[in-house]
Amino acid sequence: MTGKLIVNGRKKLSGQTDIQGAKNSVLPILSATLLTGGENVIHCCPQISDVYSALRILRYLGGSANLEGHTAVIKCDCITRSEIPENLMREMRSTIVFLGAMLARTGQARICLPGGCELGPRPIDLHLNALRKMGVSIDERYGCISCRVRDRLRGAKISLPFPSVGATENILLSAVLADGTTIITNAAREPEISDLCDYLTACGANIYGAGEGTIVIDGVDKLSGCVHTVIPDRIAAVTFLAAAAVTGGKLVLNGTVSSHLDAVIPLFEEAGCRVIAENGKIYIRSPERLRAFKSVRTMPYPGFPTDAQAVMMSVACVAEGTTVFVENIFESRYRHVEELTRMGANIRVANRVAVTEGVERLFGANVTALELRGAAALVVAALAAEGKTEIEGINFLERGYENLEVALSELGADIKKV
Ligand code: EPZ
């Protein structure tokens with residue numbers, strides 16, 4: 001969907017909102033349903049375009065997949081295909097998460113990686129090296145990847161040079177039905193990894209150490225579908241906290257796991273916000289003027305999440321003082337800087353470092369979103385800005401946020417989609 005958002009800023013937000021299910025947890029879990037017999041019922045499934053794309057892929061492969069409200073009902077008893085066609089590739093960036101599952105289910109997989117990605121080069125060398133160790137032969141040609149395993153995936157000892165989230169997920173999905181034991185060292189520790197392992201364990205997998213640096217998987221012969229509730233989206237939660245902070249508002253976020261935000265909440269407190277987290281809710285009350293938090297360095301979990309860097313930059317832009325950002329995870333994740341500058345932000349970028357000098361006020365402008373989290377940053381900045389902001393490219397926003405503008409307008413923002 002194309003379209004744009006019109007925002008008239010400087011309205012204090014107040015009230016409460018429910019946080020959606022985690023995009024980066026539900027996508028690997030939907031892929032993992034390929035490995036199961038019988039019915040899967042996945043609750044707290046966010047209504048976002050990446051989920052619709054993943055369900056279309058499951059149906060294309062031969063599964064039945066329906067979303068009723070926030071519950072996905074999926075059956076993959078008869079999978080007839082093991083490749084993802086061009087048109088479905090284009091819809092969703094992270095189709096790579098289907099690779100391991102298709103391989104484990106059918107013994108082969110073919111995907112054509114989409115060209116230039118909005119976050120700089122997104123190599124998949126860690127995925128492919130791991131799969132080769134598990135007995136997969138891989139042919140990469142013309143941007144397409146064809147994988148085949150002779151008889152059955154075999155367990156292997158895999159040490160990841162970098163705790164890649166996607167590579168950890170692909171190894172997990174290849175290992176749960178493999179012959180023998182797989183040990184992943186330097187595995188990603190994100191909550192979404194633990195959620196995927198919880199789902200797989202409920203389906204009958206033998207996984208030990210999820211959420212730690214070393215994960216051990218003893219392959220089994222079959223997995224059965226189960227009922228699973230997806231964890232809350234920690235990045236959506238940060239986005240609402242940021243919206244409250246820049247408008248001097250006060251919000252209650254329902255259905256959160258505040259421990260997933262241990263690296264982020266202290267920054268809001270440093271900025272002068274009062275934040276209280278208790279039994280699944282996060283309360284935030286913001287001052288009239290924010291003080292700048294000193295620095296943000298993105299790191300693998302449990303460090304500061306790279307997906308929250310852009311929205312926190314919008315907060316820093318209107319806080320009093322200087323903030324230094326260091327983006328250690330992705331090559332080019334400062335594409336929102338130019339657009340924020342058009343709104344009057346004072347930001348200097350040199351490679352992985354961005355320095356923001358808070359300004360008294362941002363001003364509405366016509367800006368364009370270029371990727372998902374940058375789009376969220378522009379929405380947060382528009383809520384803070386004097387006057388009207390028009391944001392183009394909201395299809396990026398809809399990939400990861402469920403009706404963000406509806407939730408924000410219910411909290412008092414003057415924001416609408418046209
Ligand atoms: C997942 O991407 C998330 N996407 C990203 O969220 C998130 O930013 C990222 O993890 C880090 O937390 C999904 O879960 C669908 P990585 P992923 O493999 O798996 C390099 C969002 O906004 N790398 O941990 O792609 C890679 O280039 C999205 O919701 C290799 O070099 O992240 C990057 O610089 C954006 N070779 C770094 O590692 C590889 O084989 C982190 O990548 C794989 C990755």
Side-chain angles (χ1 to χ4, degrees), residues 23-36 50 53-54 57-58 61 76 79 82-84 89 92-114 117 122-140 144-149 152-190 192-201 203 205 207 209-211 213-217 219 223 300-301 329:
K23 163 178 96 78
N24 293 344
S25 183
V26 74
L27 292 178
I29 287 173
L30 291 176
S31 164
T33 62
L34 276 172
L35 306 178
T36 65
D50 269 8
S53 299
I57 290 172
L58 287 173
L61 296 174
C76 292
I79 294 301
S82 57
E83 40 86 26
I84 298 178
M89 288 301 303
M92 189 170 94
R93 311 295 323 178
S94 47
T95 34
I96 186 75
V97 79
F98 278 89
L99 194 60
M102 286 194 288
L103 267 173
R105 175 62 191 263
T106 69
Q108 54 188 5
R110 178 180 157 76
I111 61 173
C112 300
L113 288 181
C117 177
R122 299 272 299 269
I124 56 167
D125 53 318
L126 305 182
H127 299 245
L128 302 184
N129 295 343
L131 292 175
R132 285 191 183 94
K133 286 198 185 117
M134 299 177 79
V136 181
S137 55
I138 298 170
D139 175 37
E140 294 177 74
C144 289
I145 296 166
S146 300
C147 304
R148 182 175 296 281
V149 58
R152 191 177 168 191
L153 284 157
R154 61 171 187 268
K157 191 168 171 7
I158 296 162
S159 168
L160 285 175
F162 176 85
S164 155
V165 170
T168 302
E169 291 164 349
N170 258 326
I171 298 165
L172 282 165
L173 296 181
S174 303
V176 287
L177 290 173
D179 180 15
T181 297
T182 299
I183 302 173
I184 314 172
T185 52
N186 197 23
R189 299 163 56 187
E190 271 71 2
E192 293 78 26
I193 298 288
S194 301
D195 200 27
L196 173 61
C197 290
D198 288 348
Y199 164 76
L200 289 167
T201 302
C203 293
I207 303 173
T214 299
I215 305 178
V216 179
I217 307 106
L223 295 174
Y301 195 88
I329 304 293

Strictly distance-based, threshold 3.5 Å: is any side-chain N or O of S31 a donor or acceptor partner for the main-chain N or O of V97? yes

From I111 CD1 over to I124 CD1, what is the distance, rounded to the nearest 0.5 angstrom? 6.0 Å

Backbone N/O of L160 and side chain of N186: donor-acceptor pair under 3.5 Å: yes

Give, for atom CD1 of I29 and atom CG of L200, the distance between the pair rounded to the nearest 0.5 Å. 8.0 Å

Heavy atoms only: give me the nearest G155-T182 pair and the separation to one decimal. CA-OG1, 3.1 Å

Which value, rounded to the nearest 0.5 Å, describes the distance between L177 atom CG and L34 atom CG? 11.0 Å

Enter the distance from E169:CD to C197:SG here, rounded to the nearest 0.5 Å. 9.0 Å

E190/N24 under side chain to side chain contact (heavy atoms under 4.5 Å, CB included): CA gap, chis, key distance, verdict: CA-CA 10 Å; E190 271 71 2; N24 293 344; over 6 Å; no

Could you tell me whether the side chain of L35 reaches within less than 4.5 Å of the side chain of C203, counting heavy atoms only? no

Check against side chain to side chain contact (heavy atoms under 4.5 Å, CB included), S82 and R105: CA-CA 9 Å; S82 57; R105 175 62 191 263; over 6 Å; no

For the residue pair L153 and A104, what are the closest heavy atoms and their distance? CD1-CA, 3.5 Å

Do L128 and D125 touch side chain to side chain, with heavy atoms closer than 4.5 Å? no

Any side-chain heavy-atom pair of H127 and S164 under 4.5 Å: yes

Less than 4.5 Å apart, any side-chain heavy atom of L126 and any of N170? no

Hey, does Y199 have a side-chain heavy atom less than 4.5 Å from the side chain of T33? yes

Got D50 and V26 here, is their nearest side-chain heavy-atom distance under 4.5 Å? no

What is the distance from atom CD1 of I138 to atom CD1 of I145, rounded to the nearest 0.5 Å? 7.5 Å

Contact between T106 and L61 at the side-chain level, heavy atoms closer than 4.5 Å - yes or no? no

Report the C-alpha separation of F162 and I329 in whole Å, then their side-chain angles, then the decisive distance to 0.1 Å, and conclude whether the side chain to side chain contact (heavy atoms under 4.5 Å, CB included) test is met. CA-CA 10 Å; F162 176 85; I329 304 293; 3.9 Å; yes

Tell me, with the steps shown, if T168 and L196 meet side chain to side chain contact (heavy atoms under 4.5 Å, CB included). CA-CA 11 Å; T168 302; L196 173 61; over 6 Å; no

Nearest heavy-atom approach of L223 to A205 is CD2-N, 3.4 Å

I need the minimum non-hydrogen distance between A188 and V165, along with the two atoms involved. CB-CA, 3.7 Å

Residues S146 and R110: closest non-hydrogen pair is OG-NH1, 3.1 Å

Enter the distance from M134:CE to D179:CG here, rounded to the nearest 0.5 Å. 10.5 Å

Taking all non-hydrogen atoms of both residues, which atom of G209 and which atom of I215 are closest, and how far apart? O-CG1, 3.6 Å

